[in-house]
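Note that the coordinates shown come from a computational prediction; the quantities given were computed from them, not determined experimentally. Proteins get letters first, then strands, A, B, ... in listed order; numbering begins at 1 in each.
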Protein chains: 2
Amino acid sequence: MGDADRISQVQKATLGLRGMIMSGEFGAGARLPEVALSERLGISRTPLRQAMDRLESEGLLERMPSGGCRVASFDLDDINDAIELRGVVEGTAARLAAERGADPELMTAAEQVLNEIDIAVSDPDSVDFDAYVGLNARFHEILAGLAGSAVIRREAERISNLPLASPSAFLRGQEVIPDFNASLIRAQGQHKAILEAISNREGARAEALAREHARLARLNFAFLKDADPRLATRIPGLALVTAS
Amino acid sequence: MGDADRISQVQKATLGLRGMIMSGEFGAGARLPEVALSERLGISRTPLRQAMDRLESEGLLERMPSGGCRVASFDLDDINDAIELRGVVEGTAARLAAERGADPELMTAAEQVLNEIDIAVSDPDSVDFDAYVGLNARFHEILAGLAGSAVIRREAERISNLPLASPSAFLRGQEVIPDFNASLIRAQGQHKAILEAISNREGARAEALAREHARLARLNFAFLKDADPRLATRIPGLALVTAS
DNA sequence: TGACGGATTTCTGTATACAGAATATCCAAT
DNA sequence: ATTGGATATTCTGTATACAGAAATCCGTCA
């Protein structure tokens with residue numbers, strides 16, 4: 001495993017703290033005492049502080065005027081707006097890819113991912129959810145970079161890190177979302193249409209499709225938001241959502 | 001002036017370092033030694049480090065694999081993409097404001113700003129540039145918040161902080177940009193059309209107008225990018241642009 | 001019984017010290 | 001003269017110490 005274990009303390013802190021927050025370990029709005037946290041994570045305050053800065057820039061924490069941090073809370077509109085914005089930015093990536101022409105290698109890679117998704121969902125009775133989650137994330141990752149713009153890719157990734165805005169956020173809600181399998185099939189159809197539009201240089205169509213694709217996530221969120229609260233342990237970030 | 005002087009060390013470091021970088025004091029790609037910088041800024045390494053983290057998340061610095069930071073460099077495409085993306089996000093703010101209906105108070109405030117811009121540019125022989133810069137920034141600030149979405153506003157502000165992506169980035173290039181006064185008038189016309197579309201609930205029109213409005217900045221950038229390099233001292237961030 | 005004020009305690013913000021890694025320097029050998 | 005290697009130096013990452021501010025708690029007074 002080479003140097004995979006040479007993980008820096010701030011990465012350790014960032015991963016650990018983000019996980020704790022996303023899993024809802026602290027209530028939304030809870031203050032985060034630095035000393036206690038640093039002891040729990042087994043690191044000193046300095047790298048923990050850096051991690052908190054990073055999570056603040058991600059929008060998971062907010063500084064309090066009197067000093068210190070607390071975990072941010074999100075209402076239903078925040079989630080929907082973040083999903084909408086992801087659709088807009090991914091739509092821009094798709095449009096620019098169509099207008100400018102996408103890197104053939106990346107297009108091939110994207111098509112390859114879609115083929116693998118086809119396989120994962122081929123048997124309606126035993127869909128490979130784990131594979132789907134990973135492949136879906138990979139597809140959106142490639143899509144964000146398809147315009148060949150570091151700026152676009154960076155911001156798309158950034159927005160995907162907002163709570164529940166990720167393309168994979170709701171893929172663990174199988175038993176709550178009605179016709180979940182059908183929803184996956186539909187999403188896959190949109191994936192293919194987006195790629196087709198890009199390779200046909202149909203910028204406006206590619207953009208509209210990517211936006212509409214993100215709307216699927218809003219639909220799923222609508223089902224999950226008032227489902228069994230125990231789901232919050234499996235859907236990272238769901239615990240941070242407060243009623244609006 | 002109350003507590004305006006109670007500025008924290010990390011704010012001091014952030015402002016100072018950002019200013020130095022934007023003014024091109026270090027060449028693009030230069031490494032930033034922490035000890036020397038901390039001495040120059042008159043602070044210790046800890047808050048300086050926080051400031052560097054923040055500037056990294058803003059995209060002005062990038063971490064080097066071997067440790068430490070260097071100032072990022074931007075090619076022409078990066079700048080154009082950042083401007084395009086600002087247009088897209090501001091366009092989304094405008095569209096959502098139109099679709100959802102904007103807060104009347106904010107609309108009034110925006111119109112008030114436009115009235116003041118009218119006054120600032122009323123005399124073609126002596127346009128009040130300083131006033132225009134401030135008012136223009138204010139208008140775009142209000143526009144970003146007009147959809148009533150904290151997520152949208154936050155991301156719009158964030159993108160405006162990217163080098164040369166700000167709505168006011170090129171407003172100091174009077175003597176380089178041809179027909180600069182005409183350009184200001186045209187921009188003001190677009191401002192008014194955007195507000196009109198929003199209050200008419202014309203979402204698609206509002207979005208298209210805001211996007212096109214951002215294109216003015218790309219036009220101005222095209223003039224400035226190969227103008228007298230001495231301009232770089234007056235246009236913050238221009239010094240970070242490298243030939244593509 | 002409630003509220004106000006002071007003291008205590010906790011917490012954050014900042015500075016500094018230390019260790020390990022990365023980089024530069026210098027000398028020798030080909 | 002150039003290249004390789006070993007040493008020395010600089011720099012970063014991390015931990016910890018300290019001071020000042022914020023919050024809490026308790027006692028006293030109305």
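Taking B:Leu238 as the reference, B:Leu164, B:Phe221, B:Leu224, B:Ala232, B:Ile235, B:Val241 meet the side chain to side chain contact (heavy atoms under 4.5 Å, CB included) condition, with sequence neighbours excluded. For B:Leu41, the side chain to side chain contact (heavy atoms under 4.5 Å, CB included) partners are B:Met20, B:Ile43, B:Leu48, not counting sequence neighbours.
Using a 4.0 Å cut-off between charged side-chain N and carboxylate O, B:Glu84 and B:Arg215 make a salt bridge. Here B:Arg154 does not pair with B:Glu157 in a salt bridge; the nearest charged N to carboxylate O distance is not below 4.0 Å. Between A:Asp81 and A:Arg86 there is no salt bridge, since none of the side-chain N atoms of the basic residue sits less than 4.0 Å from a carboxylate O of the acidic one.
Between B:His191 and B:His213, the two ring planes are perpendicular [angle over 60°; tilted spans 30° to 60°].
Along DNA chain D, the nucleotide nearest A:Val10 and the nucleotide nearest A:Gly67 are compared for position; the residue whose nucleotide lies closer to the 5' end is A:Val10. The residue among B:Thr46 and B:Arg31 whose nearest nucleotide of DNA chain D lies closer to the 5′ end is B:Arg31.
Checking D:dT12, C:dA15, D:dT14 against the side-chain heavy atoms of B:Pro33 singles out D:dT12 as nearest. For A:Pro47, taking side-chain heavy atoms from C-beta onward, the closest of the listed nucleotides D:dT14, C:dT23, C:dG13 is D:dT14. Closest approach to the B:Ser66 side chain among D:dA15, C:dT23, C:dA15 is made by C:dT23 (side chain taken as heavy atoms from C-beta onward).
Straight-line distance from the CD atom of A:Gln11 to the P atom of D:dT12: 18 Å, rounded to whole Å. We find that CZ of A:Arg49 is positioned 9 Å from C1' of C:dT14, with the value rounded to whole Å. When the P atom of C:dG13 is taken as reference, atom CZ of A:Arg45 falls 8 Å away, rounded to whole Å. Put simply, CD on B:Glu39 is 13 Å from C1' on D:dT10, counting in whole angstrom units. Whole-Å rounding puts the A:Leu48 CG to D:dA15 P distance at 10 Å. In this entry the distance linking CD of A:Glu34 with C1' of C:dG13 reads 8 Å, nearest Å. Taking atom NZ on B:Lys12 and atom C1' on C:dT14, their separation rounds to 12 Å, with Å as the unit. Summarising the geometry, the separation between CE on A:Met52 and C1' on C:dC11 is reported as 11 Å, rounded to the nearest angstrom.
At the heavy-atom level, B:Leu37 lies nowhere under 4.0 Å from the strands shown.
Inspection of the B:Asn161 and B:Glu58 side chains reveals no N or O donor paired with an N or O acceptor under 3.5 Å.
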Per-nucleotide protein contact along nucleotides 4-10 of chain C, 5' to 3', at a 4.0 Å heavy-atom cut-off (B base, S sugar-phosphate only, - neither), is -------

